[in-house]
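For reference, the structure discussed in these notes is given below.
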Amino acid sequence: MEVLNTKVVIVGSGPAGLLLGQLLYKAGIDHIIIEQRSADYVAARIRAGILEQVSVDLLEKAGVDKQLKEFGLPHTGIEILVDGCKHRIDLSSLTQGKQVTVYGQTEVTKDLMQAREEAELTSFYEANDVKVHDFYEKPYVTFNKDGKLYQVNCDFIAGCDGYHGICRASIPKENIKTFEKVYPFGWLGVLADVPPVSDELIYVQSDRGFALCSMRSTTRSRYYLQVPVTDKVEEWSDEKFWDELKNRLDEESKNNLVTGPSIEKSIAPLRSFVTEPMRFGKLFLAGDAAHIVPPTGAKGLNLAASDIAYLSEALIEFYLSNSEEGINQYSEKCLKRVWKAERFSWWMTHLLHRFESDSDFDLKIKQAELAYVLGSEAGQTTLAENYVGLPYEIKSLKEAS
Ligand code: FAS
Ligand code: PHB
């Protein structure tokens, strides 16, 4: 067995783990990332597409915003299509100038991985049988790579290993409470090298179900359809996908839609999920390891970023200022923002998707709620301020911005 020592072990090399690693590196704090998949697999994953301003600021602070600044698309509004009519939500005018940036999670991951490689930081990819141990006293992580057993002794473990990871699963049941809502449908997503149907995102509420017209660039589009959770991606040919998308669009968008071969097609289940607390002795959960939101509010990746903003600041404070204040407040500060994003994501999902359980009365109430939100500045403002991202208290980020 090879024994290694470091300050922080990060389990998981998704956006949360990589971003934490980059921020610790910038602060000169020794750490190791341990990832079960290959680097190529991690870099190829296709997921989120919208960054809140605070996430952009954090990536700038981490020094990985060069490509983001060059290729990210600033968006100051979104459209809601209901009953064949598009309603623009002017995000910027309703939030004193805030905006979101369209920049794929795939690109964020690649930018972080490249920065990590350039800095020659220690990562173990394709690590098997990763286990976390003694995280209430003297934490260490063991894993197997290429037939060799490793033990990494550390001060803290950051569980950034996603919803299916082992960190949350290793917490004694009596020390953790989870909250979950599983939705009776999924999102069938298609990525295609075709120009977007519109300059801005279009969220569609139709009697055939939800649809979303998004993008990755001016030449690459990302589309989603609400489908039954029992559907299999093999049942959806490209032609069937494009035909169903057209059935959910208004005439103008239908006529503008450019179709083409999918370069990625997958069905993601939708759930709302929260773990309380998010700290267990010297083990911290961050990102999808701690919470999941339905992607309707574009919050998943952004919540991972805000957890890492708090966790990186807490660990930097511990090592550089010998203070445990941030560490002790981590869980409470994260959960305040997590639950607000959970509520917004649940609300957007409830409002825009078709639920088989909806009675005729439920449908009328939904239409009335949407009509109110779209028809009033107060209603539009509540949607806009949640969509661009609610503020969070980060001392060091304020210094950076
Ligand atoms: P991740 O799941 O990205 O990363 C966790 C990492 O830990 C992975 O690399 C995994 O291989 C690794 N890991 C797991 N178990 C391990 C173990 N035992 N040992 C070591 N490593 C281990 N969000 C949006 O905002 N918009 C979207 O449209 C959107 N679409 C999504 C579609 C899908 C199919 C999924 C699954 C998620 C989607 N999300 C979306 C949410 C997504 O973007 C997450 O919020 C984001 O990936 C969170 O990042 P991490 O917390 O780093 O978790
Ligand atoms: C995406 O582009 O993948 C995307 C955009 C907005 C969402 C969800 C996904 O709400």
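Atoms within each ligand, like the ligands themselves, are counted from 1 in listed order. Worth knowing before you read on, the calculation uses all heavy atoms, side chains too, and leaves out hydrogens, waters and symmetry mates. Start at 1 with the first residue, then count along the sequence.
The residue Val102 has no part lying near ligand 2, judged by heavy-atom distances below 4.0 Å. At a heavy-atom cutoff of 4.0 Å, ligand 1 is contacted by the side chain of Val11 but not by its backbone. Looking at Cys160 against ligand 1, only its backbone comes within 4.0 Å, counting heavy atoms.
Short contacts between ligand 1 and Ala268, defined as distances under 4.0 Å to a heavy atom of the residue, involve ligand atoms 34 (C). In the vicinity of Leu301, heavy-atom distances shorter than 4.0 Å reach the ligand 1 atoms 23 (N), 25 (O), 45 (O). Short contacts between ligand 2 and Thr296, defined as distances under 4.0 Å to a heavy atom of the residue, involve ligand atoms 10 (O). Residue-ligand proximity, Ile50 to ligand 2, at heavy-atom distances under 4.0 Å covers atoms 5 (C), 6 (C). Counting atoms of ligand 1 from 1 in the listed order, those under 4.0 Å from a heavy atom of Gly165 are 15 (N). Residue Leu201 approaches ligand 2 through these ligand atoms, each under 4.0 Å from one of its heavy atoms: 5 (C), 6 (C). The atoms of ligand 2 that sit less than 4.0 Å from any heavy atom of Ser214 are 1 (C), 2 (O), 5 (C). Near Arg47, the atoms of ligand 2 lying under 4.0 angstrom from a non-hydrogen atom of the residue are 3 (O). Each of the atoms 6 (C), 7 (C), 10 (O) of ligand 2 lies under 4.0 Å from some heavy atom of Ala298. The atoms of ligand 1 that sit less than 4.0 Å from any heavy atom of Arg37 are 11 (O). Which parts of ligand 1 touch Gly287 is read off a 4.0 Å heavy-atom cut-off, strictly below it: atoms 51 (O). Counting atoms of ligand 2 from 1 in the listed order, those under 4.0 Å from a heavy atom of Tyr203 are 6 (C), 7 (C), 10 (O). Of all atoms in ligand 1, numbered sequentially from 1 with element shown, those under 4.0 Å from a heavy atom of Ile34 are 20 (C), 21 (N).
A donor and an acceptor atom, one from each side chain of Asn153 and Asn5, are located under 3.5 Å apart. With 3.5 Å as the limit, one finds a donor-acceptor pair spanning the side chains of Arg116 and Ser123. In summary, the side chains of Tyr310 and Arg337 do not present any donor paired with an acceptor at a separation below 3.5 Å, with no hydrogens or angles considered. A donor-acceptor contact closer than 3.5 angstrom links the side chains of Thr349 and Thr296.
In this pair, Trp242 and Tyr223 present their aromatic rings perpendicular. The plane angle is above 60°, beyond the 30 to 60° band. Relative ring orientation between Tyr387 and Tyr203 is described as perpendicular, the plane-to-plane angle rising above 60° on a 0-90° scale split at 30° and 60°. Taking the six-membered ring where the residue is Trp, His353 and Trp187 present parallel rings, their angle staying beneath 30° rather than reaching 60°. Relative ring orientation between Trp347 and Phe344 is described as tilted, the plane-to-plane angle lying within the 30° to 60° band.
In terms of heavy atoms, Tyr224 sits closest to Gly189 at CD2-CA, 3.6 Å. The minimum heavy-atom distance linking Val194 with Val258 is given by the pair CG2-O, 3.3 Å. The two residues Lys110 and Ala43 have their closest heavy-atom pair at CE-O, 3.5 Å.
In this structure, of Gly14, Ser55, Ala16, the residue bringing a heavy atom nearest to atom 4 (O) of ligand 1 is Gly14. For atom 43 (O) of ligand 1, the choice among Glu52, Gln105, Arg47 with the nearest heavy atom turns out to be Gln105.
At the top of the distance list for atom 14 (C) of ligand 1, counting protein heavy atoms only, stands Asp161 O, 3.1 Å. Protein heavy atom in closest approach to atom 11 (O) of ligand 1: Glu35 OE2, 2.7 Å. Closest to atom 9 (C) of ligand 2, if we only count protein heavy atoms, is Tyr224 CE1, 3.7 Å. Considering only non-hydrogen protein atoms, atom 20 (C) of ligand 1 sits nearest to Gln36 N, 3.3 Å. Residue, atom and distance of the protein heavy atom nearest to atom 28 (O) of ligand 1 are Tyr224 OH, 3.5 Å. The protein heavy-atom contact nearest to atom 44 (C) of ligand 1 is Asp288 OD2, 3.2 Å. When hydrogens are left out, the protein atom nearest atom 8 (C) of ligand 1 is Arg45 NH2, 3.1 Å; that is the closest non-hydrogen contact. Nearest protein neighbour of atom 18 (N) of ligand 1, counting heavy atoms only, is Ile166 CG1, 3.3 Å. Among all non-hydrogen protein atoms, the one lying nearest atom 24 (C) of ligand 1 is Ala48 CB, 3.2 Å.
Tyr140 does not carry Lys138 over the face of its six-membered ring by the limits of under 6.0 Å from the centre and within 45° of the normal. Judged by a 6.0 Å distance limit and a 45° cone about the ring axis, Arg216 is not positioned over the six-membered ring of Phe71. The side-chain tip of Lys7 points at the ring of Tyr319 from less than 6.0 angstrom away and within 45° of straight on.
For Thr101 (side chain) and Tyr103 (main-chain N/O), no donor-acceptor pair under 3.5 Å exists by modelled atom type.
At least one heavy atom of Arg216 sits under 4.0 Å from some atom of ligand 2. Ligand 2 lies nowhere less than 4.0 angstrom from a heavy atom belonging to Tyr223. Heavy-atom distances between Ala127 and ligand 1 stay at or above 4.0 Å for every pair. The shortest separation from a heavy atom of Phe143 to ligand 1 is not under 4.0 Å, leaving the residue out of contact.
Other residues, nucleotides and ligands place no more than 12 heavy atoms under 6.0 Å from the CD atom of Glu120.
Screening Lys26, Lys69, Lys66 against Glu60 for a salt bridge (charged side-chain N to carboxylate O under 4.0 Å, His left out) leaves a single residue, Lys69.
Backbone and side-chain nitrogen or oxygen atoms of Pro15 are examined, and one is located within less than 3.5 angstrom of a nitrogen or oxygen of ligand 1. Annotation: Val42 places no N or O atom under 3.5 Å from an N or O atom of ligand 1; distance criterion only. Residue Pro295 has at least one N or O atom closer than 3.5 Å to an N or O atom of ligand 2.
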>> Assess the residue pair Val338 and Asp307 against the criterion (side chain to side chain contact (heavy atoms under 4.5 Å, CB included)); give the C-alpha distance rounded to whole Å, side-chain angles, the decisive distance to 0.1 Å, and a yes or no.
In response: CA-CA 9 Å; Val338 164; Asp307 290 350; 4.0 Å; yes
> side-chain hydrogen bond (donor to acceptor under 3.5 Å, both in side chains) between Arg88 and Thr76: does it pass, once the steps are laid out?
Replying inline: CA-CA 10 Å; Arg88 184 169 189 267; Thr76 59; 3.2 Å; yes
